[in-house]
2 protein chains.
Amino acid sequence: MATVSRLTMPPPAVAVDLAVLTVRERSLHVLVVERAKPPYRGRFALPGGFLEDGEDLDQAAHRELAEETGLDAARLHIHQLHSYGAPGRDPRGRVVSVCYVALMPDLPLPVAGGDARAAHWIPVSDLPGTPKKLAFDHHRLLADAVEHARETLSHTTVATAFCPPEFTIGRLRDVYEIVWGTRLDPANFHRKVTGVPDFLIPTGGKSAGTGGRPAALYRAGPATRLHPAILREHTA
Amino acid sequence: MATVSRLTMPPPAVAVDLAVLTVRERSLHVLVVERAKPPYRGRFALPGGFLEDGEDLDQAAHRELAEETGLDAARLHIHQLHSYGAPGRDPRGRVVSVCYVALMPDLPLPVAGGDARAAHWIPVSDLPGTPKKLAFDHHRLLADAVEHARETLSHTTVATAFCPPEFTIGRLRDVYEIVWGTRLDPANFHRKVTGVPDFLIPTGGKSAGTGGRPAALYRAGPATRLHPAILREHTA
DNA sequence: TAAATAGTGTCTCTCAGACATTATCTT
DNA sequence: AAGATAATGTCTGAGAGACACTATTTA
């Protein structure tokens with residue numbers, strides 16, 4: 001029965017979209033591209049594209065990320081999040097989108113041209129208020145991605161994905177504070193993150209002049225889970 | 001470019017598959033159906049089917065669950081988990097499957113016939129050892145679903161989805177012990193779950209004779225999150 | 001010098017784990 | 001009675017939050 005209807009209906013297209021997040025200028029930003037063609041011509045959209053032949057979903061996500069940003073996607077933290085298939089979510093026809101979240105440090109974007117379309121960082125905080133800045137239902141995809149990132153920070157080590165290869169504990173704390181929109185006690189945060197085995201590996205270096213005592217530099221260690229979690233709510 | 005290749009390749013079909021889990025006979029079970037047609041004819045598979053026209057993914061999951069089990073899916077805990085699109089995962093051609101997890105109490109299954117195919121509960125513990133009892137890559141889907149269920153128990157209230165409308169704290173503890181494969185201290189568990197606001201609502205009733213002191217009956221309250229979590233590992 | 005950031009020490013409160021004790025049923 | 005399960009009480013250790021205090025830089 002399902003097979004019959006599959007043969008008699010126009011089959012849905014499968015797309016892969018990416019919510020690429022970074023922390024810059026003290027706020028969470030998302031990577032968007034300006035659409036060159038209808039529908040939603042000229043509007044911002046999450047980067048993405050249709051699944052190609054012989055390609056797994058994860059491969060498609062990596063390919064799209066490389067095409068849109070010119071970055072080596074293999075080194076980024078990228079994870080499948082959710083699929084969206086509401087009828088009418090794409091005016092061209094039936095499209096099921098598999099959404100991926102990617103977290104990356106604040107790197108310069110390649111200029112538009114070649115494979116890469118014009119890509120921009122826009123602050124996520126601008127979005128909740130503004131009415132439908134993004135094409136399709138990408139507003140919803142982004143909201144889900146941000147919420148997932150927020151929750152994931154507390155019990156995993158992915159916050160380091162927002163940081164450059166070497167960073168201070170203060171920069172790591174900035175990530176938590178900016179993504180969560182809260183303030184964390186510097187002393188307790190320091191004690192917490194340095195107490196998790198294999199989370200932060202000291203490199204021996206010291207940070208340069210930032211108007212305070214130089215901080216020790218760390219790189220991300222092999223740990224992926226935080227036990228116990230770093231709590232976001234003070235209400236326990 | 002993505003659009004071009006989409007027009008020149010056979011478009012993938014989109015399917016929805018369900019890992020329906022329950023706790024019965026002191027082990028975690030999954031609902032499987034016997035395949036009536038090739039491929040994998042006669043083998044067990046997770047219930048599922050192709051997305052129909054004008055249907056959202058969640059709707060398709062609910063429809064499939066109702067068709068396969070005859071149950072009112074609206075009252076069950078059902079949640080999208082992950083999508084799978086590896087080339088070759090279905091010998092008939094390109095199929096992208098969106099997998100859902102459903103948790104339900106141990107209810108009688110409708111007999112085969114009508115829309116419903118022959119459905120069976122099989123214990124999940126039988127699967128890791130046995131080589132490829134399930135059709136397609138449903139082994140992987142099931143493993144991911146079970147792992148998700150295990151992790152979700154610790155920080156949400158979904159364990160009550162495995163219980164009948166009224167249950168004792170001992171039955172709830174059974175759920176945790178069976179799904180996690182561990183033993184939990186009855187006294188500490190009781191103190192923990194009764195201390196979470198809006199998790200368990202006393203109904204005033206008492207359990208019948210089970211060879212011990214009658215236990216108070218509860219129903220699931222409106223709480224969805226557990227703060228702090230119920231820990232599965234004793235290693236902190 | 002003041003201001004800013006890094007890092008350590010300490011106190012308290014919450015809570016998980018261990019386990020003793022009491023309560024109430026079935027056999 | 002004995003055994004089983006339910007529920008409460010108590011102690012201890014781990015850890016989060018609050019915050020005082022020291023250390024080391026820039027302006």
Side-chain angles (χ1 to χ4, degrees), chain A residues 26 153-155 159 163 166-178 180 182-197 199-219 223 225-236, chain B residues 26 153-155 159 163 166-178 180 182-197 199-219 223 225-236:
Chain A
R26 298 215 54 91
L153 282 199
S154 64
H155 58 273
C163 297
E166 291 204 351
F167 53 88
T168 66
I169 291 183
R171 293 315 96 205
L172 185 65
R173 178 165 45 83
D174 285 344
V175 169
Y176 279 89
E177 292 186 342
I178 290 166
W180 284 350
T182 59
R183 301 292 275 175
L184 297 173
D185 183 281
N188 293 334
F189 184 84
H190 188 281
R191 169 163 49 85
K192 172 66 183 178
V193 296
T194 54
V196 176
F199 183 14
L200 301 179
I201 313 291
T203 64
K206 293 280 179 183
S207 64
T210 55
R213 172 177 168 178
L217 290 173
Y218 296 86
R219 59 180 175 83
R225 301 250 165 192
L226 294 183
H227 275 300
I230 299 179
L231 295 185
R232 171 180 168 189
E233 306 175 287
H234 294 247
T235 51
Chain B
R26 299 217 51 92
L153 281 200
S154 65
H155 59 273
C163 298
E166 291 204 351
F167 54 89
T168 66
I169 291 182
R171 293 314 97 206
L172 186 65
R173 178 164 45 83
D174 284 344
V175 169
Y176 279 89
E177 292 186 342
I178 291 166
W180 284 349
T182 59
R183 301 292 276 174
L184 298 172
D185 182 281
N188 294 334
F189 184 83
H190 188 281
R191 171 163 47 84
K192 171 68 183 178
V193 296
T194 54
V196 177
F199 183 16
L200 301 179
I201 313 291
T203 65
K206 293 278 180 185
S207 65
T210 55
R213 171 176 169 181
L217 290 173
Y218 296 85
R219 59 180 175 82
R225 301 250 163 189
L226 295 182
H227 275 299
I230 300 179
L231 295 185
R232 173 180 169 190
E233 305 174 288
H234 294 249
T235 51

Write down the distance between [atom1] ([X]) and [atom2] ([N]), rounded to a whole number of angstrom.
X: Arg232(A); N: dG17(D); atom1: CZ; atom2: P; result: 14 Å
X: His227(A); N: dA16(D); atom1: NE2; atom2: P; result: 13 Å
X: Leu226(A); N: dG15(D); atom1: CG; atom2: P; result: 13 Å
X: Lys206(B); N: dT5(D); atom1: NZ; atom2: P; result: 17 Å
X: Arg183(A); N: dA18(D); atom1: CZ; atom2: P; result: 14 Å
X: Arg213(B); N: dA6(D); atom1: CZ; atom2: P; result: 10 Å
X: Phe189(B); N: dC19(C); atom1: CZ; atom2: C1'; result: 18 Å
X: Leu184(A); N: dC19(D); atom1: CG; atom2: C1'; result: 16 Å

#### Entry: For the student: nearest non-hydrogen atoms of Ala223(B) and Pro197(B), plus distance
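Closest heavy-atom pair between Ala223(B) and Pro197(B): CB-O, 3.5 Å.
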
### Query
Can you name the closest pair of heavy atoms from Arg173(B) and Leu184(B) and give their distance?
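Reported closest heavy-atom pair: CD-O, 3.9 Å.
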
### Task
Indicate, yes or no, whether a donor-acceptor pair under 3.5 Å links the base of dA18(C) to the side chain of Asn188(B).
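Check passes, donor-acceptor contact within cut-off.
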
### Message
Tell me whether the side-chain N or O atoms of Arg191(B) pair up with the base of dG17(C) as donor and acceptor below 3.5 Å, since no angle test is needed here.
### Response
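By the distance-only test, yes, there is a pair.
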
### Task
Find out whether Phe167(A) and Leu200(A) are in side-chain contact, i.e. whether some heavy atom of one side chain is under 4.5 Å from a heavy atom of the other.
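Sidechains of Leu200(A) and Phe167(A): in contact.
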
#### Entry: Inter-residue atom distance Leu153(A).CG - Ile230(A).CD1, 0.5 Å rounding
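It comes to 8.5 Å.
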
### Message
Both Gly212(B) and Asp185(A) contact DNA chain D. Which one's nearest nucleotide lies toward the 5' end?
### Response
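Taking each residue's closest nucleotide, the earlier one in sequence belongs to Gly212(B).
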
### Carboxylate-amine/guanidinium proximity below 4.0 Å for Glu177(A) and Arg183(A)
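A salt bridge links Glu177(A) with Arg183(A).
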
Under 4.0 Å from OP1 or OP2 of [N]: is there any side-chain N or O of [X] that close?
X: His190(B); N: dA6(D); value: no
X: Lys192(A); N: dG15(D); value: no
X: Arg173(B); N: dA6(D); value: yes

Please pick, from [options], the nucleotide with the shortest atom-to-atom distance to any side-chain atom of [X].
X: Leu231(B); options: dA6(C), dA7(D), dG17(C); value: dG17(C)
X: Pro228(B); options: dC19(C), dA16(C), dA6(D); value: dA16(C)
X: Ala216(A); options: dG7(C), dT24(C), dA7(D); value: dG7(C)
X: Ala187(A); options: dA16(C), dC19(D), dC19(C); value: dC19(D)

#### Entry: Along DNA chain C (nearest heavy atom to each residue), the more 5'-positioned of Ile230(B) and Pro214(B)
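The residue mapped nearer the 5' terminus is Ile230(B).
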
